[in-house]
Q: 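I'd like to ask some things about the structure below.
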Amino acid sequence: MAERWATFGIDLHLDPSGPGLRRGLTDALREAVRGGRLAPGTRLPSSRSLAADLGIARNTVADAYADLIAEGWLTARQGSGTRVAPRAVPERPAAPTPRRTPGRLPYSLMPGTPDLASFPRAEWLRATRRALAAAPHDALGYGDPRGRPELREALAGYLSRVRGVRADPGHVVVCSGFSHGLQLLSEVLRARGARTLAVEPYGLDVHWDLVHRAGLKTVPLARDALGTRAQDPGDADAVLLNPAHQFPLGGALRPERRAAVVEWARRTGGLILEDDYDGEFRYDRQPVGALQDLDPGRVVHLGTASKSLAPGLRLGWMVVPPWLLPDVVDHGGGSTVSVVEQLALAEFLASGAYDRQVRAARLRYRRRRDALVKALADGAPHVRVTGIAAGLHAVLELPPGTEQSVQRSAVWQGLAVKGLDSFRHPGVTDPVGDALVVGYATPPDHAWNGTLDALLRSLP
């Protein structure tokens, strides 16, 4: 009987009560339909199956069904089983009127997002199938909090080969994107007694907010004509940098300043958090290697598949110094990341599909960048474009005092854009100037030309 009970088909939760099983079951079914828990058209279990589930006679269930069919609550057809009748729809209270929100603009040059239409769906599906077919059964368990060993090994090899990172698989920790990694590291730093994290003068407020919620204060580094003065973190306990391609201003950290900030970390015991933001996408220069290679003991290297594949995968990684690794693992490590996605990315890397995807994306985004530069040269030659040697965005310098008016004009043209001032740290008192930060990777191909036209119409 136990095997029969376990293998019957449709499940239905009922609690018959009252005098007599038949009446109790009829009342329970009627109330489930009247209250909306069983929607019109819902198929009910067979009388044999429901009787086995409830431990009562099959005739009792059949009689209850017959009563409700006669009352119009249920219907029964040959070959279709017993279902909730279409007319048995309970009255629902009117839903509250939702608050009006601004409509989505038809064009977007918002930075920070790749062209999601170019995600390699077929290749990713094949990688997922191969990875699941080869995975041992214990791969679907709780596993190592650092992440699946297959992915950590594949990442260590890839980062060493492509980014110059000195990565042992045992020191790689999988996380669900850069924000998750930053949150973990901020919590670890605070637990170890840190108070202040130095950040670049322009960046993302969502990252600063994560750091603040962990109990750390953020202070902006100084900036001069050569870029961020990373060599001067002051009294900070740690520093967060985009050394390969700064977001949003777009430059690379100069070699002498890279060496100087590493020397600061060695001298003071400080820690450098290296955000390898879109470091794989470069166009007019040799790739800039990872800062971590200068001192793996004082630098945490963070990367993500958000730009090379898609942010919705929630896949990122950290290469953590050995002395800090136990604390990172104790704070959760990679325990929040889907094992299936980890296995798929490991297969994607090992098969060479990731390299092919990055090369194809690099070519596509370079063409986008070139088209943007040409369109501006032809239609708005007074606008200077910077930060375009790498990455997925450009900075368009505007005449003083025009940033807000250009953004308003863009909205009238149906274009979503971001002004540079929205990326300025509150502690910065000498802003760079008015500009737009244009994410040229964001629009799908079919909207690209219309997006460029809308941008040109928005500029002064």
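Numbers here simply count residues along the sequence, with the first being 1. As the structure is a prediction and not an experimental result, all values here were calculated from the model.
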Q: State whether the number of non-hydrogen atoms from other residues, nucleotides or ligands found under 6.0 Å of E153 atom CD is greater than 12.
A: no
Q: Using modelled atom types only, decide if a donor and an acceptor are shared between the side chain of N242 and the backbone of F247 within a distance under 3.5 Å.
A: yes
Q: Answer yes or no: is there a donor N or O on one side and an acceptor on the other, between the side chain of W323 and the main chain of G297, under 3.5 Å?
A: yes
Q: Are L204 and F423 packed together at the side-chain level, in the sense that at least one heavy-atom pair is separated by less than 4.5 angstrom?
A: yes
Q: Hey, what do you get for CG (L459) to CG (L396), rounding to the nearest 0.5 Å?
A: 6.5 Å
Q: Side chain of S49, backbone of S46: donor and acceptor closer than 3.5 Å?
A: no
Q: State plainly whether the residues R190 and E187 are in salt-bridge range, i.e. N to O under 4.0 Å.
A: no
Q: Just by modelled atom types, is the W208 backbone N or O under 3.5 Å from a matching donor or acceptor in the H212 side chain?
A: yes
Q: Taking all non-hydrogen atoms of both residues into account, name the closest pair between V84 and L74 and its distance.
A: CA-CD2, 3.9 Å
Q: Between L210 and S186, is there a side-chain heavy-atom distance shorter than 4.5 Å?
A: no
Q: Quick check: does any side chain N or O of E403 sit under 3.5 Å from a backbone N or O of L420, one acting as donor and the other as acceptor?
A: yes
Q: Applying side chain to side chain donor-acceptor pair (under 3.5 Å), name anything that partners R58, two or more places apart in sequence or on another chain.
A: S47
Q: When rounded to the nearest 0.5 angstrom, what is the spacing between CG in L456 and CG in L452?
A: 6.5 Å
Q: Could you measure the distance from the CG atom of D275 to the CG atom of L182? Nearest 0.5 Å is fine.
A: 8.5 Å
Q: Output, in order, the C-alpha distance, side-chain angles, deciding distance and verdict of side chain to side chain contact (heavy atoms under 4.5 Å, CB included) for W73 and R34.
A: CA-CA 9 Å; W73 294 102; R34 179 187 288 121; 3.9 Å; yes
Q: Could you tell me whether the side chain of E347 and the main chain of R130 form a donor-acceptor pair under 3.5 Å?
A: no
Q: Quick check for you: to the nearest 0.5 Å, what is the distance between L68 atom CG and D63 atom CG?
A: 11.0 Å
Q: Check the orientation of H245 and H393. Use parallel for under 30°, tilted for 30 to 60°, and perpendicular for over 60°.
A: tilted
Q: What pairs of donor and acceptor atoms, side-chain ones from residues 411-419 against any protein atom, are under 3.5 angstrom apart with sequence neighbours left out?
A:
| from | atom 1 | to | atom 2 | distance (Å) |
| --- | --- | --- | --- | --- |
| Q413 | OE1 | R457 | NE | 2.7 |

Q: Side chains of R161 and D355, heavy atoms from C-beta outward: is any pair under 4.5 Å?
A: yes
Q: Quick check: does any side chain N or O of E150 sit under 3.5 Å from a backbone N or O of A346, one acting as donor and the other as acceptor?
A: no
Q: If you draw a 6.0 Å radius around CZ in R23, do more than 12 non-hydrogen atoms from other residues or ligands fall strictly inside?
A: no
Q: Of all the heavy-atom pairs spanning R368 and T442, show the shortest one and how long it is.
A: NH1-N, 4.4 Å
Q: Is the shortest side-chain heavy-atom distance between L151 and L349 below 4.5 Å?
A: yes
Q: Working to the nearest 0.5 Å, report the span between CG of L189 and CG of L273.
A: 6.0 Å
Q: Quick one, D327 with V320, criterion side chain to side chain contact (heavy atoms under 4.5 Å, CB included). Give me CA distance, side-chain angles, the key distance, then yes/no.
A: CA-CA 10 Å; D327 288 358; V320 183; over 6 Å; no
Q: R37 side chain to A32 main-chain N or O, any donor-acceptor pair under 3.5 Å?
A: no
Q: Might you work through the salt bridge (Lys or Arg N to Asp or Glu O under 4.0 Å) test for R22 and D67, ending with a clear yes or no?
A: CA-CA 10 Å; R22 175 176 173 178; D67 290 344; 2.9 Å; yes
Q: Using side-chain heavy atoms (C-beta onward) and a distance below 4.5 Å, is L14 in contact with D53?
A: no
Q: From L363 CG over to Y283 OH, what is the distance, rounded to the nearest 0.5 angstrom?
A: 10.0 Å
Q: With a 4.5 Å limit on heavy-atom distance, are the side chains of V174 and R148 in contact?
A: no
Q: Only pairs at least two apart or in different chains count here, so list each salt bridge (charged side-chain N to carboxylate O under 4.0 Å, His left out) that has a residue in residues 165-181.
A: R166-D293
Q: I need the minimum non-hydrogen distance between P16 and L25, along with the two atoms involved.
A: CB-N, 3.8 Å
Q: Under a 4.0 Å N-O cut-off, is there an ion pair linking D370 with R367?
A: no
Q: Between D276 and L159, does a side chain to side chain contact (heavy atoms under 4.5 Å, CB included) hold up when you go through it step by step?
A: CA-CA 11 Å; D276 195 34; L159 294 173; 5.7 Å; no
Q: With sequence neighbours excluded, tell me which residues meet ring pair (Phe, Tyr, Trp, His ring centres under 6.0 Å) with Y365.
A: F281
Q: Taking L315's backbone N and O only, do any of them form a donor-acceptor pair with T304's side chain (distance below 3.5 Å, no angle check)?
A: yes
Q: Does the distance from a Lys or Arg side-chain N to an Asp or Glu carboxylate O, for E123 and R356, drop under 4.0 Å?
A: no
Q: Ignoring hydrogens, what is the shortest heavy-atom contact between W124 and E341? Give both atom names and the distance.
A: CZ2-OE1, 3.2 Å
Q: Is there a side-chain contact between H171 and R146, using heavy atoms and a 4.5 Å cut-off?
A: no
Q: Please list every donor-acceptor pair under 3.5 Å in which a side-chain atom of residues 106-122 meets a protein atom from a residue at least two apart or in another chain.
A:
| from | atom 1 | to | atom 2 | distance (Å) |
| --- | --- | --- | --- | --- |
| S108 | OG | M110 | N | 3.3 |
| D115 | OD1 | A117 | N | 3.1 |
| S118 | OG | D115 | O | 2.7 |
| S118 | OG | R364 | NH2 | 3.0 |

Q: Does the side chain of E274 reach to within under 4.5 Å of the side chain of V319, using non-hydrogen atoms?
A: no
Q: Search all heavy atoms of L50 against all heavy atoms of Y65 and return the closest pair with its distance.
A: CD2-OH, 3.5 Å
Q: Is there a donor-acceptor pair under 3.5 Å between the side chain of R298 and the backbone N or O of G270?
A: yes
Q: Stepwise, does the side chain to side chain contact (heavy atoms under 4.5 Å, CB included) test hold for R408 with S405?
A: CA-CA 5 Å; R408 289 192 296 270; S405 63; 3.7 Å; yes
Q: Work out which heavy atom in L216 is nearest to a heavy atom in T196; give both atom names and the distance.
A: CD2-N, 4.3 Å
Q: Listed by chain and number, what are the side chain to side chain donor-acceptor pair (under 3.5 Å) partners of R359, not counting sequence neighbours?
A: none
